[in-house]
Participant: 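Dropping the structure in here first, questions after.
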Amino acid sequence: MDDYALVLNAGSSSLKFCVFERPVGEGWRLEARGQIEGIGTSPSLSVKGADGGRLASEKLDSVRNGRDALDALASWLRSKYGGSRVLGVGHRVVHGGARFAKPTIVTPQVLAELHELVPLAPLHQPYNLAAIEAVSERLPDVPQVACFDTSFHRTHSPVVDLIPLPPDIRKAGVQRYGFHGLSYEYISSVLAEAAPEIANGRVIVAHLGSGASLCALKEGKSVDSTMGFTAVDGLCMGTRPGAIDPGAVLFLFQSLGLSAKDVEALLYKKSGLLAISGLSNDMRDLLGRSEPEARLAIDYFVYRAAKEIGALAAVLGGIDGLVFTAGIGENSDEIRRRICESSAWLGIEINAEANATGGPRISTPDSKVSAWVIPTNEELMIARHTGKLLGLI
Ligand code: ADP
């Protein structure tokens, strides 16, 4: 194989990666996509080629932490692409704060600034940065690029990002940031080709996966999003509640005596679809069940999505298009149908046949507002940024 770029998305218990071959002509070519899962419990490596064929599937008993996982990945890469050079490494970094409005080449100064943002994303940022540090120790001459989930939303007006608390608290960084930015940026970048009639209009993109949010796009730029200071805000998610009354959180502390750690675990890991159903955080699983609790969880998920679509439609002054993406948005015709039916008042008329086969256009030809399914590709977005910033494409 030719020289390649590596894209890394390092989390607390997994290391996801993509290998992109050096661009031929226009863009990057995906060579492999994989992950090391179960870091700290029962780690394993699985890798697929661009055609979906299995390249690796093995247990990694010696991997105890993120650094071990990177070592294991490095040794797999050497065994597979031994003669090729790593041209650059692009990282998904959850938080770029107010300052990083664009992907950035990592320097010691940048890394220090990113460490200052750890308190704003304690469950993700430390792992993202540890991966950057581990790569720079092992490959000191390979340039690295940090791509942020927050950057795409830095086009918001000050009113949109305001959290109305006293100035000293806001100075500590308490404002709305928005997340899933790499997904929205990718969708925005392909709209002209995938859905040309709405590309320059007012569009709501629904990123519905384990984490879920909406983004209001005007002429391809983010003007608002349902996620705020953290990725807990907004829509109901697999294990996160989405927007809840902060008074309920106070009640958890004051009346139920929960600790900060308990509340953190509750809000990030034990709420949302999982809490409502008591069965599963996985939408596909819930859709296949008949228990009333599973139906209630799905009803609430759809209700919240439709409600927030209404709110963002108000922000945009009406919409021209609605785009579904990510695991649920790309794969569940039932959820898309129900959200579109709940949003019929906006002028969305779903085409049942097109919806059942996944679109890409899932609204009727006469629908005033068009609806679409467009698969997201955050890793390609990171590869593109990395290539551009490092002068590779
Ligand atoms: P993440 O990348 O945040 O882990 P994904 O974008 O992969 O999440 O989305 C995961 C969600 O997508 C899960 O709730 C899963 O059940 C759901 N999903 C995947 N395929 C389907 C399907 N065919 N029908 C319904 N839901 C699906």
Side-chain angles (χ1 to χ4, degrees), residues 3-20 31-48 55-82 84-96 100 103-149 182 210 231 261 264-265 268-269 378-379 382-383 385-386 390:
D3 296 341
Y4 63 92
L6 188 62
V7 169
L8 294 180
N9 179 1
S12 59
S13 65
S14 72
L15 174 66
K16 296 184 181 158
F17 61 91
C18 284
V19 176
F20 287 91
E31 160 68 21
R33 173 190 293 273
Q35 55 187 336
I36 295 175
E37 284 178 294
I39 300 170
T41 50
S42 61
S44 62
L45 166 77
S46 58
V47 193
K48 288 183 173 167
L55 295 181
S57 175
E58 57 196 73
K59 293 245 165 273
L60 295 172
D61 291 330
S62 59
V63 168
R64 285 156 317 220
N65 52 41
R67 288 180 166 253
D68 293 346
L70 263 168
D71 284 336
L73 171 59
S75 92
W76 183 80
L77 289 170
R78 266 195 305 274
S79 71
K80 182 97 178 74
Y81 310 114
S84 314
R85 266 188 324 146
V86 187
L87 297 166
V89 182
H91 294 261
R92 179 182 197 164
V93 177
V94 70
H95 223 302
F100 292 101
T104 303
I105 295 176
V106 178
T107 63
Q109 170 66 27
V110 165
L111 200 53
E113 289 183 40
L114 295 179
H115 271 292
E116 286 172 20
L117 297 170
V118 164
L120 299 186
L123 302 184
H124 296 100
Q125 194 87 343
Y127 302 101
N128 304 154
L129 301 185
I132 295 178
E133 284 161 348
V135 170
S136 54
E137 279 163 26
R138 287 158 180 77
L139 301 169
D141 299 329
V142 173
Q144 300 192 74
V145 171
C147 300
F148 307 101
D149 264 324
L182 292 158
S210 305
K261 275 273 160 241
E264 180 181 274
Y268 282 92
K269 305 234 155 79
E378 290 149 294
E379 296 79 13
I382 295 172
H385 283 307
T386 303
L390 300 181

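What you see below is based on every heavy atom in this structure, not just the backbone, and it leaves out hydrogens, waters and symmetry mates. Everything numeric here is computed off the predicted structure, so don't read it as measured data.
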Participant: Would you say Ser136 and Gln144 make side-chain contact, with heavy atoms under 4.5 Å?
Facilitator: yes
Participant: Measure the spacing between CG of Leu6 and CG of Leu87 and express it to the nearest 0.5 Å.
Facilitator: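 Output value for this atom pair is 10.5 Å.
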Participant: Could you check whether any side-chain heavy atom of Val19 comes within less than 4.5 Å of a side-chain heavy atom of Arg33, counting everything from C-beta outward?
Facilitator: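 No, too far: nothing below the 4.5 Å cut-off.
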Participant: Could you check if a side-chain atom of Leu390 sits within less than 4.5 angstrom of a side-chain atom of Pro143, using non-hydrogen atoms only?
Facilitator: yes
Participant: Inspect the surroundings of NE2 in His385 and state if more than 12 heavy atoms from other residues, nucleotides or ligands are less than 6.0 Å away.
Facilitator: yes
Participant: Could you give the distance from CD1 (Ile39) to OG (Ser44), rounded to the nearest 0.5 Å?
Facilitator: 9.5 Å
Participant: If I compare all heavy atoms of Ala32 with all of Val47, which pair ends up nearest, and what's the gap?
Facilitator: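 That closest heavy-atom pairing would be CB-CG1, 3.9 Å.
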Participant: Please report the closest heavy-atom contact between Leu70 and Ala134, naming both atoms and the distance.
Facilitator: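 Leu70 and Ala134 have their closest heavy atoms at CD1-CB, 3.3 Å.
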Participant: Does Val93 reach the side chain of Ile132, with side-chain heavy atoms less than 4.5 Å apart?
Facilitator: yes
Participant: Go through Val89 and Val142 one step at a time and tell me if the side-chain contact (heavy atoms from CB on, under 4.5 Å) criterion holds.
Facilitator: CA-CA 7 Å; Val89 182; Val142 173; 4.0 Å; yes
Participant: Give, for atom CG of Asp149 and atom CD of Gln125, the distance between the pair rounded to the nearest 0.5 Å.
Facilitator: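 That separation rounds to 10.0 Å.
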Participant: For a 4.5 angstrom cut-off between non-hydrogen side-chain atoms, does Gln35 reach Ser46?
Facilitator: yes
Participant: Does the side chain of Phe148 come within less than 4.5 Å of Thr104's, by heavy atoms?
Facilitator: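 The answer is yes, as the side chains (C-beta and beyond) meet within the 4.5 Å cut-off.
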Participant: Could you measure the distance from the OG atom of Ser42 to the CG atom of Leu60? Nearest 0.5 Å is fine.
Facilitator: 10.5 Å
Participant: Below 30° counts as parallel, above 60° as perpendicular, anything between as tilted: where do the rings of Trp76 and Tyr81 land?
Facilitator: perpendicular
Participant: With a 4.5 Å limit on heavy-atom distance, are the side chains of Leu55 and Lys48 in contact?
Facilitator: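 Answer no - side chains too far apart.
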Participant: Determine the minimum heavy-atom distance between Ile36 and Ala72, stating which atoms define it.
Facilitator: CD1-CB, 4.1 Å
Participant: Working to the nearest 0.5 angstrom, can you tell me the gap between Ser12 OG and Leu123 CG?
Facilitator: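 Going from OG on Ser12 over to CG on Leu123, the span is 7.5 Å.
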Participant: Any side-chain to backbone donor/acceptor pair from Asn9 onto Lys16? Under 3.5 Å, distance only.
Facilitator: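 No, because the side chain of Asn9 does not come within donor-acceptor range (under 3.5 Å) of the backbone of Lys16.
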Participant: Could you pull out the closest heavy-atom pair between Val94 and Ala121, with the gap in Å?
Facilitator: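 Nearest pair, atom of Val94 first, then Ala121: CG1-CB, 3.6 Å.
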Participant: For residues Thr386 and Gly90, report the shortest heavy-atom separation together with the two atoms involved.
Facilitator: OG1-CA, 3.2 Å
Participant: Going through the checks in order, is the salt bridge (Lys or Arg N to Asp or Glu O under 4.0 Å) test met by Glu379 and Arg92?
Facilitator: CA-CA 8 Å; Glu379 296 79 13; Arg92 179 182 197 164; 5.7 Å; no
Participant: Between Arg67 and Glu137, is the closest basic N to carboxylate O distance under 4.0 Å?
Facilitator: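 Salt bridge present between Glu137 and Arg67.
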Participant: Hey, can you pull the donor-acceptor pairs under 3.5 Å for the side chains in residues 106-120, sequence neighbours left out?
Facilitator:
| from | atom 1 | to | atom 2 | distance (Å) |
| --- | --- | --- | --- | --- |
| Thr107 | OG1 | Gln109 | N | 3.4 |
| Thr107 | OG1 | Val110 | N | 3.1 |
| Gln109 | NE2 | Glu113 | OE2 | 2.8 |
| Glu113 | OE1 | Arg99 | NE | 2.4 |
| Glu113 | OE1 | Arg99 | NH2 | 3.3 |
| Glu113 | OE2 | Arg99 | NH2 | 3.3 |
| His115 | NE2 | Glu133 | OE2 | 2.7 |

Participant: Starting at SG of Cys147, measure out to CG of Leu8 and round the result to the nearest 0.5 Å.
Facilitator: 11.0 Å
Participant: Does the side chain of Tyr4 reach to within under 4.5 Å of the side chain of Val86, using non-hydrogen atoms?
Facilitator: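 They are in contact (side-chain heavy atoms under 4.5 Å apart), so the answer is yes.
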